[in-house]
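Below is one structure, written out as structure tokens, with a few remarks after it.
Positions are given from 1 along the sequence.
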Amino acid sequence: MNTTITHWGYTPTGETICLFRLTNASGAFVELTNLGATWVSASMPDRDGIPGNVLLGYDNAEGYLKDSYYMGATIGRFANRIHGASFSIEGTTYLLEKNDGENTNHGGKSGFHKKVWQWKQIDSGIRFVLHSLDMEGGYPGNVRVEVEYQFTEDNKLTISYRGITDRPTYLNLTNHAYFNLSGDKRKITAHQLMIPATRILETTPQFIPTGQTREVKDSPFDFTTSRSIGAHLYDDNQQLHWNKGYNHCYILKEQPSETLLTAAVLSDPFSGRKLTVETDLPGVLLYTAGYLAPTPDIGVCLETQYFPDTPSHRHFPSCLLMPGEEYRHRSIYTFGR
């Protein structure tokens, strides 16, 4: 594995932004940056061996500094929304930053996606480290988070998440990559998708889980067998209207465990590229980029995570992190043809 490190720019406060490229023997590579511990690109061969970038992103650091779509970023402290921008732990209520109406989304204004992370080169990858101070964004606890990206010779990228805290707190990390396997930004409506989950979380018009689940059978949300993303994307369906397409959490498991499960298989019939996502996290959020202007149908996110609004629902798998415990999860992205 060949690793190159390039100076990519500065933040407005003068912090250094670096670009990291991990290239394997076949010439396939992924690029990362310490701004937001972000996954910048993934150059993968099509059926004819021709490489192409299968991630949406920007050509320079300035694009990521201005980005408002969480493009490829590590999301924290809490991926997705928390109702009312508040939660309670052991009788104490914590008020979070509101950045989505009355709710908080993706960690609020103090989210990890805009932080400059420390970094260290490791075998076949890069380890990013961030210290989040007690009450940052309203979240209790001094939290230390590590995100490791490791790339292999067989085009497999593993993202490993670790976290510790000195006070009880909620932690829910994910990566917000937008995939487009065409390599030329063709619409993703023809991409074939399989998600081996029979239920999704029901949401309100504000994308907040109601606490109820819905069976996907005989509905536009059924991807238990592979079918095109566009097959029912524009159906006359209340949930699809509210969410501007798919923006729904699929239930992979009922309780946290270290068992890796297939979260999704995505393929593009035009390029022949294929992506398999595995995770030990309990859910995967399918998002078809309904808010990505000006063309909201050129990327799809497969966000492995705990369920949105977990603190509000005791029956959801818990991501409450206690002192002395370790938050430890991983997701694996395997590219093939």
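- For the residue pair Ser271/Ser182, the side-chain donor-acceptor check at 3.5 Å is not satisfied.
- Inspection of the Ser132 and Arg77 side chains reveals an N or O donor paired with an N or O acceptor under 3.5 Å.
- The aromatic rings of Tyr139 and Phe87 are tilted relative to each other, their planes meeting at an angle between 30° and 60°.
- Other residues, nucleotides and ligands place no more than 12 heavy atoms under 6.0 Å from the CD atom of Glu258.
- Exactly one residue among Leu285, Asp309, Ile251 makes a side chain to side chain contact (heavy atoms under 4.5 Å, CB included) with Leu201. That residue is Ile251.
- At most 12 heavy atoms of other shown residues, nucleotides or ligands fall within 6.0 angstrom of atom CD in Glu62.
- Between the side chain of Thr288 and the backbone N or O of Gly290, no donor-acceptor pair lies under 3.5 Å.
- Judged purely by distance below 3.5 Å, without hydrogens or angles, the side chains of Ser110 and Glu136 never pair a donor atom with an acceptor atom.
- For the pair Tyr64 (side chain) and Tyr58 (backbone), a donor-acceptor distance under 3.5 Å is present.
- His241 is linked by a side chain to side chain contact (heavy atoms under 4.5 Å, CB included) to Asp236, counting only residues two or more places apart in sequence or in another chain.
- Judged by distance alone, with hydrogens and angles left aside, the side-chain atoms of Asn24 form no donor-acceptor pair with the main-chain N or O of Met1 at under 3.5 Å.
- In the model, Glu31 has a side-chain atom that pairs as donor or acceptor with a side-chain atom of Ser41 under 3.5 Å.
- Ile75 pairs with exactly one of Glu303, His106, Gln305 by the side chain to side chain contact (heavy atoms under 4.5 Å, CB included) rule, that one being His106.
- A side-chain donor-acceptor contact under 3.5 Å links Glu153 to the backbone of Ala25.
- A donor-acceptor pair is defined here as one N or O able to donate and one able to accept, closer than 3.5 Å; such a pair exists between the side chain of Arg273 and the backbone of Met44.
- Remark: side-chain polar atoms of Thr279 are paired, donor with acceptor, to backbone N or O of Arg330 under 3.5 angstrom.
- Of the residues listed (Leu321, Ile89, Ile82), the one engaging Tyr170 in a side chain to side chain contact (heavy atoms under 4.5 Å, CB included) is Ile89, and it is the only one.
- Gln239 contributes a side-chain N or O that, together with a main-chain N or O of Thr203, makes up a donor-acceptor pair within less than 3.5 Å.
- Checked against a 6.0 Å centroid threshold, the rings of Phe223 and Tyr246 count as neighbours.
- Under a 3.5 Å cut-off, the side chain of Asp46 and the backbone N or O of Gly49 do form a donor-acceptor pair.
- Looking at Thr174, its side chain does come within 3.5 Å of a backbone N or O of Thr304 through a donor-acceptor pair.
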Just do the ring-ring contact (aromatic ring centres under 6.0 Å, His included) check on His329 and Tyr327 with the steps written out, would you? CA-CA 7 Å; His329 292 288; Tyr327 179 98; 4.9 Å; yes
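- The aromatic rings of His315 and His313 lie perpendicular to each other, with more than 60° between the two planes, well past the 30° mark.
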Test salt bridge (charged side-chain N to carboxylate O under 4.0 Å, His left out) on Arg162 and Glu148; report intermediate values, then the result. CA-CA 9 Å; Arg162 297 185 183 91; Glu148 286 186 2; 3.3 Å; yes
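- For the residue pair Pro308 and Pro209, the shortest heavy atom distance occurs at O-CG, 3.4 Å.
- Applying the 6.0 Å contact sphere to NZ of Lys274 captures no more than 12 heavy atoms from other residues, nucleotides or ligands.
- Relative ring orientation between Trp39 and Phe335 is described as perpendicular, the plane-to-plane angle rising above 60° on a 0-90° scale split at 30° and 60°.
- The aromatic rings of Tyr70 and His176 sit tilted relative to each other, their planes meeting at an angle between 30° and 60°.
- Dense packing is recorded around CG of Asn2, with more than 12 heavy atoms of other residues, nucleotides or ligands lying under 6.0 Å away.
- Both the sub-6.0 Å distance and the 45° axial angle are satisfied by Arg186 relative to the ring of Phe270.
- Within a 6.0 Å radius of CD in Glu102, no more than 12 heavy atoms belonging to other residues, nucleotides or ligands are found.
- Within the 3.5 Å criterion, the main-chain N or O of Gly72 finds a donor-acceptor partner in the side chain of Asn175.
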